[in-house]
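Following: one structure in structure tokens, then a few remarks.
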2 protein chains.
Amino acid sequence: MTEDDVPTEWLRAVLPLAVLAVVAEEETYGYAVAQRLQAGGLGAVKGGTLYPVLNRLEAEGLLTSSWREGVGGPGRKFFAVTAAGRDSLDRRSAAWHTFTERAGGLLPDPRSTR
Amino acid sequence: MTEDDVPTEWLRAVLPLAVLAVVAEEETYGYAVAQRLQAGGLGAVKGGTLYPVLNRLEAEGLLTSSWREGVGGPGRKFFAVTAAGRDSLDRRSAAWHTFTERAGGLLPDPRSTR
DNA sequence: AGCACTAGTCAGCGACGCAAACTAGTCGGG
DNA sequence: CCCGACTAGTTTGCGTCGCTGACTAGTGCT
């Protein structure tokens, strides 16, 4: 019951930000990010969705990548956050926070189940 | 400073829900909804964006519409929420609430400006 | 007549999540 | 030895929807 399949528009809104946040926490690779996101309450993000996000973030200069041999399995593309990435993360997550508060203000009070 | 132009992906995530919420508060017409949204902190929603949303909500059976003569100006298409609409609003806004909490949990703590 | 404001509609565009298929490495079981 | 299952990442085509910009149309002011 931890998982009520997040609507795609909602995912669309936070995916890049969430991915950036996860990588900023610790240098990791795509597959691990997917598991982290699922554990974090966003749904099961498929490869065809996640990897393009990582590559876009890299193209924007917010992440850097390096290829490393896999311990038991294929090679892994590790991503690390850049200074610009950390900066963008902070600014955008602050903006996200105020946005969700404003949006929540328009919605009905969740405590009153009319 | 009340308005830092909301990214389109963010708007995309909440627009239908926010519009539904506004109409559920009080029976209104499109143009007034736009002003209400702007006052609520989402940006200036253009006609070409807003009206299709209203029409989709009506097509989904969450709103009903009726045409009325304008007092000083063109006629107005008034929208009212249906029972299904109110139900959908409650369920989806509750889901939105838990979603934003989860997403916020992945993001860096806004109080630490590193 | 011209402009501004109100009110709603429409066409084309681009971004991006999704489904599905594909390559490719490792491992365990039959 | 081959077949799945899991890991890891890529690619293609599709559909949704906000955006831009133009358009109709009613009212009122200059």
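In what follows, chains are A, B, ... by sequence order, proteins preceding strands, each numbered from 1. Just so you know, these numbers come straight off a predicted model, no measurement behind them.
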| field | Electrostatic pair A:Glu26:A:Arg36 at N-O distance under 4.0 angstrom | value | no
| note | Assign each of A:Pro74 and A:Val71 the nucleotide of DNA chain C bearing its closest heavy atom; nearer the 5' end lies the nucleotide of A:Pro74
| Nearest-nucleotide 5' precedence on DNA chain D, A:Arg12 against A:Gln35 | A:Gln35
| Whole-Å distance between C:dC10 P and B:Leu50 CG? | 15 Å
| Between the side chain of A:Trp67 and the main-chain N/O of A:Lys77, is any donor-acceptor distance below 3.5 Å? | no
| request: Might you work through the side chain to side chain contact (heavy atoms under 4.5 Å, CB included) test for B:Val81 and B:Leu89, ending with a clear yes or no? | output: CA-CA 10 Å; B:Val81 71; B:Leu89 172 61; 5.9 Å; no
| field | Sugar-phosphate, base or nothing in reach of A:Val45, heavy atoms under 4.0 Å | value | nothing
| Nucleotide nearest B:Asn55 (side chain, heavy atoms from C-beta), chosen from C:dT6, C:dC18, C:dT9 | C:dT9
| Value in whole Å for how far the P atom of C:dC16 lies from CG of A:Leu57 | 10 Å
| request: Tell me, with the steps shown, if B:Trp96 and A:Trp10 meet side chain to side chain contact (heavy atoms under 4.5 Å, CB included). | output: CA-CA 8 Å; B:Trp96 168 258; A:Trp10 294 3; 3.7 Å; yes
| message | For A:Gly75 and A:Glu9, find the nucleotide of DNA chain D closest to each by heavy atoms; which residue's nucleotide sits nearer the 5' end? | response | A:Gly75
| said: Of all nucleotides in DNA chain D that come within under 4.0 Å of a heavy atom of chain A, which is furthest toward the 5' end and which toward the 3' end? | reply: D:dT7 to D:dT11
| request: Mind checking B:Gly48 for me? I need base, sugar-phosphate or nothing, with any heavy atom below 4.0 Å counting as a touch. | output: base
| said: Using OP1 and OP2 only, check whether a side-chain N or O of B:Tyr51 sits under 4.0 Å from C:dA7. | reply: no
| message | Need one value for A:Thr49: base, sugar-phosphate or nothing, where a base atom within 4.0 Å counts as base even if backbone is also close, heavy atoms only. | response | base
| request: Looking at every strand, decide which applies to B:Gly47 at a 4.0 Å heavy-atom threshold: base, sugar-phosphate, or nothing. | output: base
| said: Is the phosphate of C:dG25 approached by A:Arg68 (side-chain N or O, under 4.0 Å from OP1 or OP2)? | reply: no
| field | A:Arg86 with A:Asp90: basic N within carboxylate O range, under 4.0 Å | value | no
| field | Non-hydrogen side-chain atoms of A:Val45 and A:Val53 separated by less than 4.5 Å | value | no
| query | Any side-chain heavy atom of B:Phe79 sitting closer than 4.5 Å to one from B:Asn55? | reply | yes
| How many Å lie between CZ on B:Arg56 and C1' on C:dT9, as a whole number? | 14 Å
| task | Could you check how far CG of A:Leu42 sits from C1' of C:dC18, rounded to whole Å? | result | 16 Å
| Sugar-phosphate only, base, or nothing, as touched by A:Gly72 at under 4.0 Å among non-hydrogen atoms | sugar-phosphate
| B:Glu58 CD to C:dG8 C1': how many Å, rounded? | 13 Å
| message | How many whole angstroms separate atom CD of B:Glu69 from atom P of C:dT6? | response | 19 Å
| Can you find a side chain N or O atom of B:Lys77 that sits less than 4.0 Å from OP1 or OP2 on C:dT9? | yes
